[in-house]
Structures are given as structure tokens and as C-alpha cells.
S.K.: 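Quick one: the structure is below, questions incoming.
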Amino acid sequence: MPEGPSIVILREEAARFKGKTIARAEGNTRTLDLPSLEGAKIKAVRSFGKQFLIALPNTALRIHFMLFGSYRIDERKASAPRLSLQCTDGSELNFYACSVRQIDADLDGAYDWRGDVMSPDWDPALARKKLRAAPDLLACDALLDQDIFAGVGNIIKNEVLFRIRLHPLARIGDLPAPKLRQLVEQARQYSFDFLEWKKQFVLKQHWLAHTKSTCPRCHIPFKKGHLGQSRRRSFYCERCQKRYA
DNA sequence: TGGAATGTTGGAAC
DNA sequence: CGTTCCAACATTCC
């Protein structure tokens, strides 16, 4: 659910809610004044990185699914929704176990879409510039940095590092320019591969590194560790993923 | 079945 | 006051 491509799928599934009017807003969210949403017309359904955005006339709703969040469209789960938006035509958007926030209605002022790996506005040169400004950052932390690669999560991190043969503990400042360029290119490319595979329900079978125990190139055991500042799981091959140090 | 995980926030501690 | 660390949140799967 949580990584950028999954949010793009949600955005596509929810696109038909644009123009609908909220008849009733319910849920156990404590960060929203639900009655004030009733009568509002959905102006747009957008996404930024791992965030799902619903633009309303005077405000916008930001849904972040964290680790456990989920959603249902025109269906309900057994558990209580964090937020349920029921439209005048009977269709509904239901969100569970997620973080909900109301934000500035001017989404284009609030977000810089050049930093979203899934966005048509993605700017690889800007990402390279941000990376060059952080030479001490480790590759595993760089990919998870939402200010550089909004939408990239831990699965994409592990797969990109394996794909470009880069060690998770490689220091950004040590990377040769072509490797830095490849890191930025593949952060986006893998995210789109992820999107297609997820749509076809074949994402997991394409994982080469994430949760794997053996390197498919070298056939030696993967190293595992909670690396970098993020302490997120890394699966990597000491033989074919280089550190450049 | 207990523990860990596709993640982020906010407050304590230093 | 800035930085870092850690608990909290809450669901599913192995």
C-alpha cells in the first residue's frame, strides 16, 4: 500500500470522484471537522509521493497510509474507518488506519512536484543537485529521503540498489557521476516498473532483493541489516553491490 | 503466536 | 535552540 506507485493506483481508481459532492463525512479521525466537509464538491484527486490528496473548494485532505493503512472504494471493511466520504450519488471512499490531515488548499504551493518520482514534473537534475549537496548521506538513506525521492519506500530502495549494483552503505559523495545519475534514473524507472507489476498483481514475484536470502546474480547469501539513519531493512550482496570508497 | 513490517510524527533528552 | 533518539500509532502476515 504505502509506496508512491500504490498511491498512484489509488489516485487512478479514485479519479472518478472528481466533481462529486460529499453528502456525508464520517470516521474516527480527530484531526478533521467532518460536518464542515458535507456539501463540498471534490475539485481534484491527486497524489504527492506517498500522500493521497483530495482537493475541496477551500481546503484539501491529505491521507497518508503509514505502514498499515488501507482503503476501500464503494466497499467497507469490518473495522471502523478513519475517514469515510459518502457522495450524493451513493459512491464512497473509505480510509482505514491512516493519518488524515487538512492542509492548505493551494496544493501547487504546498508541494514541489519536481520531487515526486511518479510525477510528470519529476526533475532528475534537481534530485542530483540535492544529492550533491549531501555528500555524507548514505545511499540507503538517500533513497528514503522524501525531500529528494518523494514516493520511494523500502522495497523500491532495496530493488534500486540491487539493480544498479550499489551498496546501501555507499556514501553519496563517493559515487562516480554516472552512478549518481543511474541512482536517480532508476529510482524513477523502478517505481514505474513497480506500478505496472503491482497492477498486474505480479509485484512480489519480481523482487530480486527485498526479503530475499540469496543473490540471484552471484548465488551467495544476501547480507541483511537495519542500515543507515533510517534503520530500515536492507537486503544486499556484498560481492556485486559496490561502495566506491 | 509473537514479532516484525511497504512509515512518519512529536516530544523527550541531551 | 538545534539535533538526535525513541515511543507511539495500528494492521496483517508469517
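To find a chain, count down the sequence lines: A is the first, B the second, and so on, and within it residues start at 1. Bear in mind the structure is a predicted one, so any value in this text is a computation, not a measurement.
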S.K.: Tell me every residue that passes salt bridge (charged side-chain N to carboxylate O under 4.0 Å, His left out) with R239(A), counting only those two or more places apart in sequence or in another chain.
M.R.: none
S.K.: Run the side chain to side chain donor-acceptor pair (under 3.5 Å) test against Q229(A) and tell me which residues pass, sequence neighbours left out.
M.R.: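 Per chain and number, Q229(A) pairs via side chain to side chain donor-acceptor pair (under 3.5 Å) with no residue.
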S.K.: Take atom CE of M118(A) and atom P of dT6(B), then tell me their distance rounded to the nearest Å.
M.R.: 19 Å
S.K.: Which dot-bracket string describes DNA chain B (Watson-Crick N1-N3 plus N6-O4 or O6-N4, or G-U N1-O2 and O6-N3, all under 3.5 Å; [ ] crossing; | other strand)?
M.R.: .||||.||||||||
S.K.: Other than F162(A), which residues form its hydrophobic cluster under the rule that side-chain heavy atoms must be closer than 4.5 Å?
M.R.: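 The other cluster members (ILVMFWY side chains, heavy atoms under 4.5 Å, direct or chained) are L208(A), F222(A).
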S.K.: K41(A): which residues meet the side chain to side chain donor-acceptor pair (under 3.5 Å) condition with it, sequence neighbours left out?
M.R.: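 K41(A) satisfies side chain to side chain donor-acceptor pair (under 3.5 Å) with no residue once adjacent residues are dropped.
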S.K.: When Ile, Leu, Val, Met, Phe, Trp and Tyr are grouped by side-chain heavy atoms lying under 4.5 Å apart, directly or through other members, which residues fall in the same group as W113(A)?
M.R.: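 Besides W113(A), the hydrophobic cluster comprises F48(A), L53(A), I103(A), L107(A), Y111(A), listed by chain and residue number.
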S.K.: Decide whether L144(A) and F65(A) are clustered together by the hydrophobic rule: side chain heavy atoms of Ile, Leu, Val, Met, Phe, Trp, Tyr closer than 4.5 Å, transitively.
M.R.: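 No, no single cluster joins them.
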S.K.: With heavy atoms under 4.0 Å as the rule, sort R62(A) into base, sugar-phosphate or nothing.
M.R.: sugar-phosphate
S.K.: Hey, is NZ on K179(A) packed in by over 12 heavy atoms from elsewhere, all under 6.0 Å?
M.R.: yes
S.K.: Rounded to whole angstrom, note down the P distance from dC6(C) over to dA4(B).
M.R.: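 Straight-line distance between the two P atoms is 16 Å.
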S.K.: For nucleotides 7-12 of chain C, give me every protein contact, N/O to N/O, under 3.5 Å, one pair per line with atom names.
M.R.:
| residue | atom | partner | partner atom | Å |
| --- | --- | --- | --- | --- |
| dT12(C) | OP1 | K77(A) | NZ | 2.6 |

S.K.: I need the residues from residues 133-142 of chain A with at least one non-hydrogen atom less than 4.0 Å from DNA chain B; give them sorted by number, or say none.
M.R.: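 Within this stretch, nothing sits under 4.0 Å of the strand.
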S.K.: Grab the NZ-C1' distance between K204(A) and dC13(C) for me, whole Å please.
M.R.: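 These atoms are roughly 8 Å apart.
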S.K.: State which residues pass side chain to side chain donor-acceptor pair (under 3.5 Å) with N158(A); sequence neighbours excluded, sorted by chain then number.
M.R.: H210(A)
S.K.: In whole Å, what separates the P atom of dG3(B) from that of dA8(C)?
M.R.: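 16 Å, rounded to whole Å.
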S.K.: Go through the structure and list residues passing side-chain contact (heavy atoms from CB on, under 4.5 Å) with P120(A), not counting sequence neighbours.
M.R.: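 By the side-chain contact (heavy atoms from CB on, under 4.5 Å) rule, P120(A) matches no residue at all.
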S.K.: Sequence neighbours left out, what passes side chain to side chain donor-acceptor pair (under 3.5 Å) with E12(A)? Give chain and number order.
M.R.: K199(A)
S.K.: Heavy atoms only, 4.0 Å cut-off, all strands: where does Q229(A) land among base, sugar-phosphate and nothing?
M.R.: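 If one applies the 4.0 Å heavy-atom cut-off, Q229(A) turns out to touch nothing in the nucleic acid.
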S.K.: Tell me who clusters with I220(A), hydrophobic residues only, linked when side chains sit under 4.5 Å apart either directly or through other members.
M.R.: none
